Amino acid sequence: MVDTDSGWDGRGGRGQRGAGDTRGARAADAIPDGRIAAPDRRVALPGRRVAAVSLVALAALATGCEPGTATGAQDASPPVRATQAATPTAAPSLTRTAPADAKPRTAPPPSPSASTAPPAPAPDPTTARPAPEPSTAPPPRVLMRTGSESDRVRELQARLRQIGHFGRNPTGYYGSVTADAVRSFQAKRSLPVTGSTDEVTWQRLLAMTRVPTAAELRPPTERPVAAPDERCLKGRVLCISKNSRTLAWMIDGRVVSAMDVRFGSEYTPTREGVFEVFWKSRDHVSTLYDTPMPYALFFSGGQAVHYSADFAANGYGGASHGCVNVRDKKKVAALFDQVRTGDKVVVYW
């Protein structure tokens, strides 16, 4: 190594200069003796730069960078390039130092069997529900139904009439009109709509109504009795008005009892005029129509005054085959006992 501080270049003795070093000689001649050391230091600077460049090159080789070909002060700028070149080596070092049990950032793809297998079907909610248990409670006992006839039926009709479900006078016979009234009551009270009066329906009706009076149970008639025909004012007479649809049992101009009646249709009309009772048959059955005609009082051929279960059930929605139908069974039964053979019958408008 050249000692630049001593000023010796290795070719001459100490204090001597080479023949080619004329720049140093000129500087020495121009500067006083006391300042000769300064020029020597400036001459030595290039040597230090060479040593610095050599160190940078060695450092670059040590870090794996390729040496540049430029000289001078530009050779000191590669620290930036050294940093850029060092980046590729940093990534492998991170990969090598990753822990062996590190989990991947993304989940592995599913196996072929898992991706191709169809999903399990969801259970049908309608089939998943258990079937309801059948009710084991017995149905309530039926007390009255279509065809029943009793005082209890009369009370049922009177109570239904109190709350607007039965629009007629009680008859004591459970027909289609009464069944419809019971259905209406059951539907309004959210009860099973059967048309028959069971224990539940009956108790609910009793709780909502009062005990019927005698006039409510057996009213004289649903319709007002018409003014009697003058032929009805003497003797014992069944005075029957087609206009008011009533029958008045009269003795010497006094009304003993009255009741609602209906007549034959336009094809089988009830005959009008003055007649007399010629035959009484308590449990009569029509041989022509094969229908019951209880408490029959015959006055003109096959036409008679008698009880009609159809009239009690369906009201004026139907008609007779020419007879005078009565729908109050007890009234016509009492009439049957009072009327005699030969009593007058007057049918008029």
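Predicted model, so just to flag it, every value in this text is computed and none were measured.
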The reported gap from NZ in Lys330 to CD in Glu149 (rounded to nearest 0.5 angstrom) is 9.5 Å
Decide, yes or no, whether a salt bridge links Arg282 with Asp337 under the criterion of side-chain N to carboxylate O below 4.0 Å. yes
Inter-residue atom distance Phe166.CZ - Asp180.CG, 0.5 Å rounding: 10.5 Å
Worked verdict on Val305 versus Ile240 for side chain to side chain contact (heavy atoms under 4.5 Å, CB included): CA-CA 10 Å; Val305 175; Ile240 303 169; 4.1 Å; yes
Would the distance check show the side chain of Arg159 and the main-chain N or O of Arg210 forming a donor-acceptor pair, the cut-off being under 3.5 Å? yes
Given side chains that start at C-beta, do those of Leu156 and Val182 come closer than 4.5 Å, heavy atoms only? yes
Would you name the heavy atoms of Arg236 and Val339 that are closest together and state the gap between them? NH2-CA, 4.5 Å
Salt bridge or not for Asp260 and Lys331, using N-O below 4.0 Å? no
Between atom CG of Asn169 and atom CG of Leu217, what is the distance when rounded to the nearest 0.5 Å? 10.5 Å
To the closest 0.5 Å, what do you measure between OG1 (Thr287) and CE (Met293)? 9.0 Å
In terms of side-chain geometry, is the basic nitrogen of Asp343 or Lys280 positioned less than 4.0 Å from the acidic oxygen of its partner? no
Would you call His306 and Val332 a side-chain contact if the rule is heavy atoms closer than 4.5 Å? no
When you measure from the side chain of Glu216 to the backbone N and O of Pro170, does any donor-acceptor pair fall under 3.5 Å? no
Correct closest heavy-atom pair for Ala179 and Thr146 would be CB-OG1, 3.9 Å
With distance as the sole test, does Thr209 use its side chain to make a donor-acceptor pair with the main-chain N or O of Leu205 at under 3.5 Å? yes
Do any N or O atoms from the side chain of Arg231 and from the backbone of Val274 form a donor-acceptor pair under 3.5 angstrom? no
Do Val324 and Met259 land in one hydrophobic cluster if side-chain heavy atoms of ILVMFWY residues count as linked below 4.5 Å? yes
Minimal heavy-atom distance between Ala226 and Ser244, with the atoms involved, is CB-OG, 3.3 Å
If Ile, Leu, Val, Met, Phe, Trp and Tyr residues are connected whenever their side-chain heavy atoms lie under 4.5 Å apart, and connections chain through other members, are Trp249 and Val261 in the same group? yes
Is the shortest side-chain heavy-atom distance between Arg141 and Trp202 below 4.5 Å? no
Flag the pair Arg154 and Asp328 as a salt bridge only when some basic side-chain nitrogen lies within less than 4.0 angstrom of an acidic carboxylate oxygen. yes
Inter-residue atom distance Arg204.CZ - Asp198.CG, 0.5 Å rounding: 10.5 Å
Hey, does the Lys NZ or Arg CZ of Arg327 hover above the aromatic six-ring of Phe311, less than 6.0 Å from the centre and inside 45° of the axis? yes
Starting from Phe299, can I reach Phe263 by hopping between I/L/V/M/F/W/Y residues whose side chains sit under 4.5 Å apart? yes
So, do Leu335 and Leu238 sit near enough that their side-chain heavy atoms are less than 4.5 Å apart? yes
Do the ring planes of Tyr289 and His321 sit parallel (below 30°), tilted (30 to 60°) or perpendicular (above 60°)? parallel
Is the closest side-chain heavy-atom distance between Arg189 and Val200 below 4.5 Å? no
Where the side chain of Gln157 meets the backbone of Gly172, is there a donor-acceptor pair that is under 3.5 Å apart? yes
How far apart are the C-alpha atoms of Glu199 and Leu143, what are their side-chain angles, what is the distance that settles it, and do they pass the side chain to side chain contact (heavy atoms under 4.5 Å, CB included) test? CA-CA 6 Å; Glu199 290 177 330; Leu143 304 177; 3.9 Å; yes
Ignoring hydrogens and geometry beyond distance, is a side-chain donor-acceptor pair present between Gln303 and Thr270 at under 3.5 Å? no
Tyr174 reachable from Val193 in the ILVMFWY side-chain graph, under 4.5 Å edges: no
Closest non-hydrogen atom pair, Asn325 against Ser320: OD1-CB, 3.2 Å
Inter-residue atom distance Arg262.CZ - Cys323.SG, 0.5 Å rounding: 10.5 Å
With the side chain counted from C-beta on, respond yes when Tyr348 and Ser241 share a heavy-atom pair under 4.5 Å apart, and no when they do not. yes
Ile251, Val345: one ILVMFWY side-chain cluster at the under-4.5 Å cut-off? yes
Of all the heavy-atom pairs spanning Cys232 and Val346, show the shortest one and how long it is. SG-CB, 3.8 Å
Backbone N or O of Thr194 within a donor-acceptor pair of the Gln186 side chain at under 3.5 Å? yes
Heavy-atom pair of closest approach, residues Cys239 and Met250: CB-SD, 4.0 Å
